[in-house]
Q: 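Next up is a structure, given as structure tokens.
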Amino acid sequence: MKRKVPLPEEMAKTYDVPNVEKALYQWWEEEGYFKPVDDESKKTFVISMPPPNVTGILHLGHAITSSVEDALTRYHRMLGDATLWVPGADHAGIATQNVVERELAKNGISRQELGREKFVQEVWAWKDEYLDRITNQQRSMGVSCDWSRERFTLDDGLSRAVREAFVRLYEKKLIYRGQYLVNWCPRCGTAISDLEVEHEDETAHLWYVRYWTPDHTESMTVATTRPETIMGDTAVAVHPEDERYQHMIGKELVVPVVNRRIKVIADEAVEKEFGTGAVKVTPAHDPTDYEMGLRHGLEFINVMNDDSTMNENAGKFEGQDRFVCRKNLLDDLREAGDLVKIEDLTHSVGHCQRCHTIAEPRISTQWFVRMKPLAKPALEAVRNGSIKIIPERFTKIYFDWLENIRDWCISRQLWWGHRIPVWYCQNCGAEICSREDPTVCPKCGSTNLKQDEDVLDTWFSSGLWPFSTLGWPDQTPDLERFYPISVMETGYDIIFFWVARMVMLGLEMTGEIPFHTIYLHGLVRSEDGKKVSKSMEDAWRYDPLLIVQEYGVDPLRFTLLTSSTPGNDMKLSLSRVEANRNFANKIWQASRFVLGNLGDDPGKYTPSGDPLDPAKLDDAIDRWIVSRYHSLVAEVNRLLSVYQLGEAGRQIYDFLWGEFCDWYIEATKVRLYEGETPAAEQAKNVLIYVLDGTLRLLHPYMPYTTETIWHYLPHQGEALIVASWPQEGPPNANAEANMDALIELVRGIRNARSEYDVEPGRKIAAIIAGHEMTEFLTEQQNVLKSLARIADDRLMLSETLDQVPQKALTLVIGTIECYLPLADLVDLDRERERLGKEAAQLEAEIERSEGLLSNEKFVNKAPEAVVQRERDKIADYQERLGRLRERLGSLD
RNA sequence: GGGCGAAUAGCUCAGCUGGGAGAGCACUUCCCUUACAAGGAAGGGGUCACAGGUUCGAGUCCUGUUUCGCCCACCA
């Protein structure tokens, strides 16, 4: 037996969809709607969810990712594509290790005390809890992803993919191990990649330090911001063409404190203008100096330990923290008279992305990926259009980074992550990189093997995500069918960390592009424009879970989807979420109206799924709304095809509220309240037809609200989530023009009533000459009476008028003349003034149009349609003006 | 040092291929009318940052300037 939708029997009077979100989600999932249809002939549409950090808490960044990806997924599912959205989570090496270490520290336990194996066990134990939390939070956003395919970057399959990728790169010599200068986080105790260093401008000091020649007869002064590295100096460098120092090049100087002799060298990297033009060279602690060290064959002296305390090379400062050492060293120098000068200086300082500790450039043995050979095809794939980036401007950023790419340090001195699959023979020293754990050394046969201690950068496994989640390296049916995936959707802040690396590794490992389209969304900021962070005082206001609690999922989703354009940041405004909650309520109430007017057998109004032809409808207002709806479908299709989700959403909003509710529903009331006339029956069919279709269009944005309402309305099919996307149908220009006139007329009358303080309840009289519009207005006279509050027996409608009432307000709407004899209320002087103003306005408009048309260039060069529009305008305005003048004359 | 983005109503933002400036919130007046007060009706409010240019026509395209934000870069 088919499981029933978990909804109350009756449609509630108030909007309470948030109360059924959970049940609906569960129902969707249990019905299997999130899985791709099992039909090989269908086109596929695939998205890989950017895996959230397993320790993460859902924030607005996740919420926007979820909203965009779910909207795309639902849209394509309704289009009939075999749609797959693959979810998963990231083990997030440093981040997770830090979190668990902190948890353990609460009980006074350190990672070192536990030892590697036990600590990793401990993290795994935590992982389940964390994973549960984050995935539940994601579910709460309504994500329609296939949880049966959920993956975790450290699970067996993905670990195998990581190892396979590593070994392949190793065998192609694209991975190498060596001693180089890397960024080191002393707090995390690991190397980090260039990308993981965040530079910030800080005010600091530039210390001028004097270095003497061994005989203490000559000296040179160098400027440094990091005096604690002095003990690692192995040269002083000047520019080769610096005349001030020519005589010193090649001479020896003595490093303060450690009294080591170094040479003065000449190198073009030195800027003559900066400081004294002489620079201390510390190849083991500075990127520029490192390069110089290589060029000049200098010694590399590391003066710090892993935790950035000074090591034995720092002489008397051994054991001191780098900044304590700095202070003490400066004191010593000052005392010796060799601290010549101190200047203020603003320079950028690198910090660890994860813990914000000042990173230390440091020489160290690490594993690297050779990037240039990988970057080349990745550049080509975007250049030749195989991969498209939206918005396009990020293409240049992608190019710039890849064109100047440097090797990627992938080893981390952590315990939580994929261990590097390399073993060292303790007997012969051989290095063994292998898919399987080796037991004997292939060179000497020794069984004394030791695996490399390091783990891989988290982003290494993320880089394989689009295909590792589909079963790679095995040629699984999923990989066969769903790879390459369709869209890679993520924030622009991780274009280098993740997106570019996926392209490179995807091309290298699978020989194919990993995805066709890269869609980058903007970052969410708080209302005052700051980056939303947990430390913010009013951070709770930007907690998606709390927002959802207060307003529901759909309003938040709709807000996130319609508040910005691709790639642009957005400031989330809660008043907007509230407004969209009101929108959801509006749809609910409108649907209640429709449902409540269908009578005892609503099923007979079930839409067939085929587009209605407005030309075949009897009522002009029906023709109008159907025509407008068809234009909406076409417009939404167009916008979605170019990823303009925001604009499409706004169009649906405007149509539903501003046209369907404000005008169509109001107009149908007249017919519906007449009873079961043929006209009423047609209205019901059209109401359902348009509402059903619009709910479909809105479903990707507001899945819960639309699914719920849809079930109460007569419908075909088992669930909206798997219902078909609306078809485009013919518009009807004539109906739209007629209705536009009616709307303008009603607004004009309402405006006049308001201006003359006619009580809202009072029904007034109206005398109308319809001219060409007479037939239409006659057909719709009851609607007109109802909307404009004209008394039943006091509407005089004819084609022309023999005589018009003196004491009456005058409205001229296109060809329609309308007089409102408001008797005692009408003040002829005031009326003259009002009409005079209107006439003046029309004159100005006519003058403007005539000006345009008298310009030969405009007439010749502008498109015919634009010129014609101006001509039509003049005709229309002149007709109106004529009538106004006539009326003004008759008032005298 | 290079690059990118933003600048539109009091606030938050749209304005997609250049053809008479829009929404939500806030504001004013009125209305609890049988879908909806989470609502309805009618309003007020903008030299589209500035200066040039292209064009018959520029919020939209080009150049420059200013302010803010971001990214990249071996600024000792």
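Just so it is clear: chains get the letters A, B, ... in the order the sequence lines come, proteins before strands, and each one is counted from 1. All of these numbers come straight from a predicted model, not from anything done at the bench.
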Q: Side chain of A:H285, backbone of A:P361: donor and acceptor closer than 3.5 Å?
A: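 At least one qualifying donor-acceptor pair exists.
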Q: Decide whether A:Y519 and A:T490 meet the rule of one side-chain donor and one side-chain acceptor closer than 3.5 Å.
A: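 No donor-acceptor contact under 3.5 Å links the two side chains.
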Q: Would you measure the distance from the C1' atom in B:C11 across to the matching atom in B:U55 and give it in whole Å?
A: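 My reading of the C1' atoms in B:C11 and B:U55 gives 36 Å.
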Q: For RNA chain B, what residues of residues 586-599 of chain A have any heavy atom nearer than 4.0 Å?
A: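 Here the set is A:K586, A:Q589, A:A590, A:R592, A:F593.
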Q: A:W657 has a side chain; which of B:G39, B:C36, B:A41 sits nearest to it?
A: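 For the A:W657 side chain, the nearest candidate turns out to be B:G39.
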Q: Round to the nearest Å and state the distance from A:F399 atom CZ to B:C4 atom P.
A: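 Computing the A:F399:CZ to B:C4:P distance gives 14 Å.
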Q: So does A:R226 pair up with A:E360, basic N to acidic O under 4.0 Å?
A: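 Salt bridge between A:R226 and A:E360, a charged N being under 4.0 Å from a carboxylate O: yes.
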Q: Output the residues of residues 278-288 of chain A in contact with RNA chain B, where contact means a heavy atom of the residue under 4.0 Å from an atom of the strand; sort by number or write none.
A: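 Result for residues 278-288 of chain A: A:A278, A:V279, A:T288, sorted by number.
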Q: Using a 4.0 Å heavy-atom cut-off, write out nucleotides 16-32 of chain B from 5' to 3' as B (base contacted by protein), S (sugar-phosphate only) or - (no contact).
A: B--BB---S-----S--
Q: Taking A:D289 for its side chain and A:P283 for its backbone only, find out whether a donor-acceptor pair lies under 3.5 Å.
A: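 No, A:D289 side chain to A:P283 backbone: no donor-acceptor pair under 3.5 Å.
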Q: Any salt bridge between A:E850 and A:R848, counting N to O under 4.0 Å?
A: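 Salt bridge absent between A:E850 and A:R848.
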Q: Ignoring hydrogens and angles, tell me if any N or O in the side chain of A:R753 forms a donor-acceptor pair with the backbone of A:P760 under 3.5 Å.
A: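 Indeed, once roles are kept as given, a pair shorter than 3.5 Å links the two residues.
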Q: Using a 4.0 Å heavy-atom cut-off, does A:E666 contact any base of the nucleic acid, only the sugar-phosphate backbone, or nothing at all?
A: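 Base contact - A:E666 has a heavy atom under 4.0 Å of at least one base atom.
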Q: Report the relative orientation of the aromatic rings in A:Y653 and A:F558; use parallel for angles under 30°, tilted for 30 to 60°, perpendicular for over 60°.
A: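 Plane angle under 30°, so parallel.
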Q: Quick one: which of B:A6, B:C4, B:C72 gets closest to the side chain of A:F496?
A: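 Shortest atom-to-atom distance from the side chain points to B:C72.
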Q: Nearest whole angstrom, please: distance from the P of B:A38 to the NZ of A:K13.
A: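 Taking atom P of B:A38 as the reference, NZ of A:K13 is at 14 Å.
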Q: Taking the same atom, C1', in B:G2 and in B:A73, what whole-Å distance lies between them?
A: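 Those two atoms are separated by 8 Å.
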Q: What's A:E759 touching, base or sugar-phosphate or nothing? Going by heavy atoms closer than 4.0 Å.
A: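 Result for A:E759 = nothing.
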Q: If I take atom CG in residue A:L656 and atom P in nucleotide B:A38, what distance separates them, rounded to the nearest angstrom?
A: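 Spelled out: CG on A:L656 to P on B:A38 is 19 Å.
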Q: Suppose you measure atom C1' in B:A35 against the same atom in B:U8; what distance do you get, rounded to whole Å?
A: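 Per the computed distance, 36 Å lies between those C1' atoms.
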Q: If you measure from the P atom in B:G46 to the same atom in B:A9, how many Å do you get, rounded?
A: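 So the two P atoms sit 10 Å from each other.
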Q: Using a 4.0 Å heavy-atom cut-off across all strands, classify A:R650 as base, sugar-phosphate, or nothing.
A: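 Result for A:R650 = sugar-phosphate.
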Q: In this structure, how many angstroms lie between the C1' atom of B:U8 and the NZ atom of A:K571, rounded?
A: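 Those two atoms, NZ and C1', are 14 Å apart.
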Q: Under 3.5 Å, side chain of A:R501 to main-chain N/O of A:F497, donor-acceptor pair present?
A: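 Judged by distance alone, yes, a pair lies under 3.5 Å.
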Q: A:W663 or A:V859: which one's nearest nucleotide on RNA chain B is closer to the 5' end?
A: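 Nearer the 5' end of the strand: A:W663.
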Q: From the options B:A38, B:U33, B:A76, select the nucleotide whose nearest atom is closest to the side chain of A:R789.
A: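 When the side chain of A:R789 is considered, B:U33 is the closest of B:A38, B:U33, B:A76.
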Q: Determine, for A:E674 against A:R671, whether the closest basic-nitrogen to carboxylate-oxygen distance falls under 4.0 angstrom.
A: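 Looking at A:R671 together with A:E674, the answer is no, because their closest N to O distance does not fall below 4.0 Å.
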Q: Both A:R393 and A:F583 contact RNA chain B. Which one's nearest nucleotide lies toward the 5' end?
A: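 Per heavy-atom nearest nucleotide, the more 5' residue is A:R393.
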Q: Would you measure the distance from the C1' atom in B:C27 across to the matching atom in B:G44 and give it in whole Å?
A: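 My reading of the C1' atoms in B:C27 and B:G44 gives 8 Å.
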Q: For the residue pair A:F496 and A:Y398, is the inter-centroid distance of their aromatic rings smaller than 6.0 Å?
A: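 No, ring centres 6.0 Å or more apart.
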Q: Is the NZ or CZ atom of A:R830 positioned over A:Y756's six-membered ring, under 6.0 angstrom from the centre and within 45° of the axis?
A: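 The answer is yes, since A:R830 meets both limits relative to A:Y756.
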Q: Taking N or O atoms only and anything under 3.5 Å, show me the protein contacts with nucleotides 58-63 of chain B, one pair per line.
A:
none

Q: Please state how far atom CD1 in A:I790 lies from atom P in B:U33, giving the value in whole angstrom units.
A: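 Going from A:I790 (CD1) to B:U33 (P), I get 21 Å.
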Q: Give the rounded distance in Å between these two atoms: CG of A:N568 and C1' of B:U12.
A: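 Between C1' of B:U12 and CG of A:N568: 14 Å.
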Q: Indicate yes or no: does A:E870 engage A:K873 in a salt bridge with an N to O separation below 4.0 Å.
A: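 Yes, this pair counts.
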Q: In whole Å, measure the gap between the C1' atoms of B:U28 and B:G20 for me.
A: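 Straight-line distance between the two C1' atoms is 27 Å.
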Q: So, does A:N751 get its side chain near the phosphate of B:A41, meaning an N or O under 4.0 Å from OP1 or OP2?
A: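 No, no such contact exists.
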Q: Just call it for A:K669: base, sugar-phosphate, or nothing, with non-hydrogen atoms closer than 4.0 Å on any strand.
A: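 A:K669: base contact, heavy atoms under 4.0 Å.
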Q: Are A:K396 and A:D400 close enough for a salt bridge, meaning some N to O gap below 4.0 Å?
A: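 Judged by the 4.0 Å cut-off on N to carboxylate O distance, A:K396 and A:D400 do form a salt bridge.
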Q: On the 0 to 90° scale, with breaks at 30° and 60°, tag the A:Y492-A:F394 ring pair as parallel, tilted or perpendicular.
A: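 Parallel: the ring planes of A:Y492 and A:F394 meet at under 30°.
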Q: Pairing of RNA chain B as dot-bracket, 5' to 3': ( ) intra-strand, [ ] crossing, | other strand, . unpaired, with Watson-Crick or G-U pairs under 3.5 Å?
A: (((((((..((((.....[..)))).(((((.......))))).....(((((..]....))))))))))))....
Q: Verify, without hydrogens or angle tests, whether A:T706 (side chain) and A:M702 (backbone) share a donor-acceptor contact under 3.5 angstrom.
A: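 Such a contact is found between A:T706 side chain and A:M702 backbone.
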Q: With rounding to the nearest 0.5 angstrom, report the OG to OH distance, A:S591 to A:Y712.
A: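 If we round to the nearest 0.5 Å, A:S591:OG and A:Y712:OH are 11.5 Å apart.
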Q: Taking atom C1' in both B:A49 and B:U67, compute the distance separating them and give it to the nearest angstrom.
A: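 To the nearest whole Å, 8 Å.
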Q: Using only modelled atom types and a 3.5 angstrom limit, is any donor from either the side chain of A:R581 or the base of B:A38 paired with an acceptor on the other?
A: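 Donor-acceptor pair under 3.5 Å: yes.
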Q: Rounded to whole angstroms, how far apart are CG on A:N404 and P on B:G3?
A: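 Distance check: A:N404 CG to B:G3 P gives 14 Å.
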Q: Under a 4.0 Å N-O cut-off, is there an ion pair linking A:K280 with A:D233?
A: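 So A:K280 pairs with A:D233 through a salt bridge.
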Q: Filter on salt bridge (Lys or Arg N to Asp or Glu O under 4.0 Å), then keep only pairs touching residues 857-868 of chain A, sequence neighbours left out; what's left?
A: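 As it turns out, the salt bridge (Lys or Arg N to Asp or Glu O under 4.0 Å) pairs with a partner in residues 857-868 of chain A, which skip direct neighbours, are A:E864-A:R871.
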Q: Kindly indicate whether a cation-pi arrangement holds for A:K669 with A:F593, taking the cut-offs as under 6.0 Å to the six-membered ring centre and within 45° of the axis.
A: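 Yes, A:K669 sits over the ring of A:F593.
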Q: When the P atoms of B:U29 and B:U34 are considered, how many whole Å apart are they?
A: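 Result for the P pair: 24 Å, nearest Å.
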Q: What nucleic acid atoms does A:Y673 come within less than 4.0 Å of, heavy atoms only: base, sugar-phosphate, or nothing?
A: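 Result for A:Y673 = sugar-phosphate.
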Q: With heavy atoms under 4.0 Å as the rule, sort A:S564 into base, sugar-phosphate or nothing.
A: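 Contact class for A:S564: sugar-phosphate only.
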Q: A:I397 has an atom CD1; how far is it from atom P of B:G5, in whole Å?
A: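 Rounding to the nearest Å, CD1 of A:I397 and P of B:G5 are 8 Å apart.
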